[in-house]
Amino acid sequence: MHLSKTISGLQQHLLKAAQKGLEIGFVPTMGALHNGHISLIKKALSENDLVVCSIFVNPTQFNQAADLETYPRTPAEDIALLTLAGNHILFHPEVNEMYPSGMQVKSRDLGPVSSIFEGASRPGHFDGVAEVVSRLLNVVKPMRAYFGLKDYQQCMIIKSLVELEHIPVSLVFCPTQREPDGLAMSSRNRRLSPENREQAIVISRTLFEMKDNYRFEQKQELLESCRARLSKSLQMEYLDIVNARTLMPLQSAAESAVALFAGRCGEVRLIDNMLLTE
Ligand code: PAF
């Protein structure tokens, strides 16, 4: 696997690929890789000639300094996993490389989706995500870019960003990968204590039950019982059922619905979601 730490080094490498007419797939990550990321790499490998993975813990998307400091960083393990998966190029820049003029974040109108749920809980988070994804897509210029649906709202934000800035890329959103007991794979899971890891199982269990029992007409009753159940085991921030495309309140049974969850197990903030209708 080729490793580039600089934009110019990466672009030199990619120029040769572009001259040969190779199709480039891109998997942006913040490292601490797990099988969820590796499934994105494998999908990208199956659809492109050359796959670039980036590892960059983006400071501008953290609204709490402590969260940025404690975000897991496991570069040696990440490189081993990417090599094993057959990834072609790793782009692993320092902060100065991505933000040479300081942590400037452009103000963008990413629509109403940007200010609800994660946008409300973590002010500035999506502005930081949009900033770094825009910079990364401009550097790598891939034909396809791969994102996990575990960060459901992030996928909607990136879709808005790409439309807003007319970035010529196809977005590929891939299903959430889960542990055998249902917990959604996340880099944050490794910070869960054994007790909190046990508590976290209630999240996916509840979401799967919601999928089994969802009926538009009884949405409120379902939400109330599920919120009560989750609040017993962990510190729930939100659980809601909304339109799967707009993330706005549902108006009719014909709309596709998604359940969105965020909460804390001990010190660790987890999010998960479930499409409730096909
Ligand atoms: O989902 C992530 O890991 C990050 O938000 C992303 C898309 C790599 C941007 O930093």
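Order of appearance sets the numbers: ligands from 1, and atoms from 1 within every ligand.
- Only backbone heavy atoms of Thr29 (N, CA, C or O) come within less than 4.0 Å of ligand 1; its side chain stays farther off.
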For a quick test of your reading: what N or O donor-acceptor pairs under 3.5 Å do the side chains of residues 7-22 make, sequence neighbours left out?
unit_1: Gln11; atom_1: NE2; unit_2: Val139; atom_2: O; d: 3.1

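- Of the protein's non-hydrogen atoms, Gln154 OE1, 2.7 Å is the one closest to atom 5 (O) of ligand 1.
- Residues forming a side-chain contact (heavy atoms from CB on, under 4.5 Å) with Gln199 (at least two apart in sequence, or on another chain): Glu195, Asn196, Cys265.
- Listed by atom number, the atoms of ligand 1 under 4.0 Å from Gln61 heavy atoms are 4 (C), 5 (O), 9 (C), 10 (O).
- Set against the non-hydrogen atoms of Val132, the atoms of ligand 1 under 4.0 Å away are 9 (C), 10 (O).
- With hydrogens and angles ignored, the 3.5 Å screen pairs no side-chain donor or acceptor of Glu198 with any backbone N or O of Pro194.
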> What's the verdict on ring-ring contact (aromatic ring centres under 6.0 Å, His included) for Phe261 and Tyr238, showing C-alpha distance, side-chain angles and the deciding distance?
Replying inline: CA-CA 6 Å; Phe261 164 87; Tyr238 60 75; 7.3 Å; no

